[in-house]
Each structure stands twice: as C-alpha cells, then as structure tokens.
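Following: one structure in structure tokens, then a few remarks.
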Amino acid sequence: MSHQVRGADAPAGAGGNPVTGPGGISEKGLAKGTVGVLGALVIGLSVCAPAYTLTASVGPAASEVGLQTPAIFFAGFIPMFLVALGYRALNQAMPDSGTTFTWASRAFGPWIGWMGGWGLIAATVLVLSNLAGIAVEFLYLALSIATGDPAIAELSNNVWINILTCLAFMAVATWICYRGMASTKTFQYITVSFQMAVLVWFIAALFIGAADRANTEALTVSPEWFNPLAVDSFSAFAAGIAVSIFVYWGWDTILTMGEETKKSKGPISTEAKAATILVVLLVVLYVTLAAACVAYAGVGEGPTGLGNPAIADNVFAALAHPVMGPGAIFLASAVLLSSVASIQSTAISPARTLLAMAHYRALPASLAAIHPKYKSPHIALLWSSVVASGFYAVMRILSEDALWDTILSLGIMVCFYYGITALSSLAYFRTTARHSLRDALAKLVLPGLGGVLLFVTLIQTTVDSMDPAFGSGASIGGLGLVFVLGVAVLLCGVAIMLVQARRRPEFFRGEVIRPGTDGDEAPAEVFTA
C-alpha cells in the first residue's frame with residue numbers, strides 16, 4: 001500500500017509538497033543526499049561540542065557528586081542510550097526534520113507534539129546563550145595568551161564588548177548555516193578535527209600530571225569513581241544527571257537531517273548509524289576526561305580543585321596552563337572553536353523544527369520557506385538566530401548568574417522533550433512491536449524506561465531548583481533562578497501554543513498530522529493503493 005495523498009487532500013506546507021509517509025508526514029524541499037555517515041557524525045560532534053560542554057560541566061558535576069564525577073557522566077549516558085533506541089526506531093518509520101514535534105504529534109496528538117517541539121526549540125535557545133558566553137570568554141583568553149597581556153582576557157567581563165562579540169559570532173554562524181548543509185559540513189570537519197586532537201592531548205597531559213609527585217592535589221584512579229550508586233543522595237544524583245544530560249545534548253541533531261542524508265544501502269539509515277557511533281564515542285570521551293580531571297585536580301577547593309566555586313563554570317581555563325604549559329593556547333583555541341562551531345551547527349536543529357512546525361500548519365507558513373539556491377530553511381534559521389541573540393543579550397545585561405543557570409535550566413528542557421520522544425516510541429509502536437521480542441525491547445521497553453528515567457530526573461530537579469541555593473544561588477521572589485527560568489520558558493510555550501490553536505485550528509484538530517500507531521491501516525478515503 002502506498003501512503004500517497006490525492007491532490008487537494010494533501011496537507012502540504014508552504015511548498016505544497018505531497019504527503020509521502022504515514023499519518024500526513026511529508027517532504028519539505030530540503031536538499032537531498034548531501035551528507036553521509038562521516039559528515040553527519042562530524043556535525044553531531046560539533047553540536048555536542050565536547051570541549052565547550054566539558055569545561056562548563058565538569059565543575060558543576062564535581063560540586064554535586066565529588067569523586068563520582070566520572071560515574072555521573074556514565075549514568076547520564078544510560079537514559080541517552082535508551083532514548084537513542086526510540087529515536088532510531090521513530091526515524092526509521094518517519095524520517096522527518098521535525099523529530100520530537102512530528103513523532104509526538106503522531107503518537108500522542110497535536111497538543112503534546114507541539115509542546116515537544118517547543119521544548120526542543122527552547123533548549124536550543126538556552127544553550128546558544130551559554131555557547132556564546134563561553135566563546136566570547138575563550139576568544140579573549142586565547143588573545144591574552146597569544147599576546148602575553150592578561151588585561152585582554154578581562155575584556156570579556158565588559159558587558160557591551162561581550163554582547164557585541166557574541167552578536168558577531170552569531171552573525172557568522174547564521175551566514176554559514178544560511179548557505180546550506182554542504183557549507184556547514186566543510187566548516188565542521190576543520191573545527192572538530194582540531195578540537196578532538198587537542199582533547200586527546202589534554203587527557204594525556206592530565207594523567208601525566210596526576211602521576212607527578214610534585215602535584216599534591218593528585219589522586220589515584222579508583223573503581224569507586226565509576227560507581228553511580230556511591231553518590232550520597234538522590235537529589236545530588238538527579239542534579240548530577242541533569243548536568244551530564246547537558247553534555248550529551250545535541251546528538252539528536254543528526255536525526256533532524258534525515259531528509260538531507262544519503263540513503264543507506266542497509267536496513268539502518270545513514271543518520272541512525274551516525275547517531276549510534278556518536279553516542280558511544282561521547283560516553284568514552286566524557287568518562288575518560290572526567291576521570292583525568294579528578295585524578296589531576298582532585299575535588300577540593302584549591303586553586304585548580306574541581307570543588308572550587310571560582311572555577312566551576314570554566315574548569316579548562318583554570319587547568320590549561322598548569323597542565324599544558326605553553327600549549328595552553330591550543331586548549332583555549334579548541335574551546336573557542338568548539339563554541340563557535342557549535343553555535344553554528346546548533347542552529348540546524350531549531351531551524352528544522354520550526355520548518356516542520358510551519359510546514360504542518362502549527363506555526364506561520366513563512367517559516368516553512370526554503371531558499372531556492374541553498375535549499376536551507378533560511379527564514380526559520382534567521383528567526384531562531386535572532387531570538388537566541390536577543391535572549392543572550394538580555395540575560396547578560398540582567399545577570400551573569402542567569403547565564404550560568406541556563407545550563408541547569410537546559411537540563412530541565414532536555415529531560416522534557418527527550419522524555420516525550422522516548423515515550424512516543426512506546427506509544428507509536430505499541431501495536432506492532434510486541435509481536436517480536438527484539439522489537440519489544442528496542443521500541444517499547446528500553447525507550448519507555450529511558451523516558452521514565454528522564455521524567456523522574458525532570459521532576460526531582462524541578463522541585464530541588466525551587467531552592468534559591470540551587471545552581472548559582474541567584475533567586476527571584478524567593479525561588480531559585482533555575483526554577484524560574486525553566487517554568488517561564490514552558491509557560492511561554494503554552495501561551496504561544498494557545499494563540500496558534502486559535503489561528504491554525506486544523507493542526508490542533510489532528511487534521512494535518514493524524515494521531516495513530518505504526519499498525520494503523522490507511523483510511524481509504526485519504527490514501528490510495
């Protein structure tokens with residue numbers, strides 16, 4: 001049976017494309033076959049930005065779980081792996097740039113689907129603000145090291161210099177994305193190769209430094225460091241998981257390129273292969289580097305100790321010179337390039353989600369426009385970049401603490417939309433996957449377990465974040481800033497959704513993407529044989 005809609009019945013988006021998949025899923029005019037497994041893997045690494053995420057997360061993780069920092073990075077991988085199984089199954093059945101939005105709309109209906117899409121977009125805006133802040137800081141740090149002038153590093157503390165530099169980074173990143181996926185891929189090969197090489201060097205230098213008897217803070221690696229059950233309390237464990245989820249965030253960007261990747265010759269799609277390789281590579285890198293940092297610096301409050309709150313939000317800046325000496329400029333440059341490249345590649349995900357939401361009539365049709373030459377969703381890209389830039393500028397003016405607390409707020413957003421995606425696999429495949437033990441595990445049991453774990457983490461972190469002492473310690477009206485940011489972003493999404501429901505009722509009535517399961521038969525009056 002062919003899932004093809006007849007002429008006027010097709011719920012096409014701005015481009016008038018015919019439906020090509022179940023439940024109203026259709027193509028959007030993106031360039032096809034431009035990215036292979038290696039290219040998708042490189043873009044995924046760029047979005048995850050290991051150098052950036054680790055310098056911003058090792059300190060907070062260590063402050064929550066101490067010596068179990070390597071363990072918490074591994075524990076954060078477990079729900080990500082379970083969710084990845086659901087992502088892979090859904091992407092095989094319904095390859096679509098809308099990912100969470102599209103799949104949740106099919107599995108649970110338009111309202112949950114819309115909020116899932118909003119969670120993804122909101123998470124991206126939050127992380128872009130933090131990416132920009134790290135990029136600015138390491139730009140001036142690298143210039144300071146190169147010139148030998150410490151005063152240059154302090155320029156990042158000037159609010160207006162900081163904001164203008166950030167906006168310049170965003171403009172360049174947007175221009176590269178605007179020119180399409182091929183341009184994006186070429187840029188990422190260079191930055192990712194350099195970043196990974198420097199991180200391997202840094203890990204080796206950390207272990208060598210830990211073995212130096214002159215290093216009084218050094219510790220001997222112990223199996224206990226890799227035991228997540230050794231964490232003191234569930235609250236500390238949940239907070240650590242929220243931080244570790246942040247470091248894995250972004251791998252799913254690969255799956256938003258399902259319509260642009262090269263077709264696989266085997267049963268597993270190109271983007272699914274790249275996503276699987278990426279997740280395994282990340283867990284090995286993160287756990288190893290976390291162990292190296294604990295071994296070298298310990299978890300105390302010394303000048304380079306991971307428990308020192310003065311260096312918590314930027315550990316690599318404190319460790320670079322003691323560990324690498326004159327080579328510190330390479331680490332600073334790696335984090336800078338990691339942040340800049342991630343700003344550029346991270347913009348891929350929200351632009352394609354906005355494109356899908358507009359295409360399926362859940363947002364204004366103008367967002368579904370595809371550039372005639374570059375085949376990129378240029379209007380959606382420009383809007384996501386403008387909003388992210390504005391958010392960064394406002395937060396930077398209001399408070400430096402707000403920028404730090406965006407990491408923990410991001411953890412809440414990621415748990416929200418990843419959890420919805422994982423449970424969408426369970427709901428969508430519930431009628432067909434139960435007939436095979438392998439399918440039942442890969443599409444129902446394991447993704448469902450991952451979704452439950454993420455929602456438990458979400459609830460625990462949200463409750464804990466109400467305490468002003470949570471995160472940076474900043475508060476509004478007696479409530480922790482992390483809680484205020486997280487709730488405000490979700491409520492903003494609800495408000496926009498209600499407005500769109502009045503203006504575009506056909507989507508919210510389930511007439512565009514039809515809720516259903518993998519086992520649904522196509523309605524005779526809509527599909528043709």
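- Inter-residue side-chain proximity for Ile420 and Trp103 is flagged as unmet; no heavy-atom pair is nearer than 4.5 Å.
- At a threshold of 4.5 Å between non-hydrogen side-chain atoms, the residues Met466 and Val482 do not count as touching.
- In this structure the side chain of Val294 never reaches within 4.5 angstrom of the side chain of Val58, judged on heavy atoms.
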Name the atoms and distances for all side-chain donor-acceptor pairs under 3.5 Å in residues 165-173, with sequence neighbours left out.
from: Thr165; atom 1: OG1; to: Tyr140; atom 2: OH; distance (Å): 2.8
from: Thr165; atom 1: OG1; to: Ile161; atom 2: O; distance (Å): 2.7

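- Minimum interatomic distance between Leu454 and Pro79 (heavy atoms only, all atoms of both residues): CD2-CB, 4.0 Å.
- When the side-chain contact (heavy atoms from CB on, under 4.5 Å) test is applied to Thr147, the partners found at least two apart in sequence or on another chain are Asp149, Ile152.
- Note that OG1 of Thr288 and CG of Leu199 are 11.5 Å apart. Values are rounded to the nearest 0.5 Å.
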Indicate every side-chain donor-acceptor pair of residues 229-243 with a distance under 3.5 Å to a residue at least two apart or in another chain.
from: Ser233; atom 1: OG; to: Ala236; atom 2: N; distance (Å): 3.1
from: Ser235; atom 1: OG; to: Gln460; atom 2: NE2; distance (Å): 3.3
from: Ser235; atom 1: OG; to: Asp464; atom 2: OD2; distance (Å): 3.4

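- Contact of the Cys48 side chain with the Leu282 side chain is registered, since non-hydrogen atoms from C-beta on lie closer than 4.5 Å.
- Side-chain contact between Leu90 and Ser424 is present, with at least one heavy-atom pair separated by less than 4.5 Å.
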Where do Cys293 and Leu206 land on the side chain to side chain contact (heavy atoms under 4.5 Å, CB included) test, with the steps shown first? CA-CA 7 Å; Cys293 286; Leu206 283 167; 3.9 Å; yes
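- Between Val221 and Phe226, the closest side-chain pair of non-hydrogen atoms falls below 4.5 Å.
- At least one side-chain heavy atom of Val283 sits under 4.5 Å from a side-chain heavy atom of Phe74.
- Contact of the Leu481 side chain with the Phe483 side chain is not registered, since no non-hydrogen atoms from C-beta on lie closer than 4.5 Å.
- Under the rule for a ring-ring contact (aromatic ring centres under 6.0 Å, His included), the partners of Phe81 that lie at least two apart in sequence or sit in another chain are Phe77.
- Across all non-hydrogen atoms, the minimal contact from Leu285 to Met196 is CD2-CE, 3.9 Å.
- Side-chain atoms of Trp118 come within 3.5 Å of backbone atoms of Val489 as a donor-acceptor pair (strictly under, hydrogens ignored).
- A search for side-chain contact (heavy atoms from CB on, under 4.5 Å) contacts involving Val445 returns Leu441, not counting sequence neighbours.
- The shortest non-hydrogen separation linking Gly116 to Tyr417 is O-CB, 3.6 Å.
- Judged as a ring-ring contact (aromatic ring centres under 6.0 Å, His included), the pairs with a partner in residues 292-318 (not counting sequence neighbours) are, in order, Phe202-Phe316.
- Ser193 places no side-chain N or O within 3.5 Å of a backbone atom of Ile190 that could act as its donor or acceptor partner.
- Note on ring orientation: taking the six-membered ring where Trp is involved, the planes of Tyr418 and Tyr87 are perpendicular (angle over 60°, cut-offs 30° and 60°).
- Side-chain N or O atoms of Thr55 include none that pairs as donor or acceptor with a backbone N or O of Ala51 at under 3.5 Å.
- The ring-ring contact (aromatic ring centres under 6.0 Å, His included) check on Tyr286 picks up Tyr248, with sequence neighbours excluded.
- Checked options Phe330, Phe194, Phe207; the residue passing with Trp201 is Phe330 (criterion: ring pair (Phe, Tyr, Trp, His ring centres under 6.0 Å)).
- With sequence neighbours excluded, no residue forms a side-chain hydrogen bond (donor to acceptor under 3.5 Å, both in side chains) with Glu224.
- Considering only residues two or more places apart in sequence or on other chains, Phe101 meets the ring-ring contact (aromatic ring centres under 6.0 Å, His included) condition with Phe507.
- Pro447 meets the side-chain contact (heavy atoms from CB on, under 4.5 Å) test with Leu85, Ser425; sequence neighbours excluded.
- Ala49 is linked by a side-chain contact (heavy atoms from CB on, under 4.5 Å) to Tyr52, Ser338, Ser342, counting only residues two or more places apart in sequence or in another chain.
- In this structure, Phe416 and Phe455 have perpendicular ring planes: the angle between them is above 60°, well past the 30° mark.
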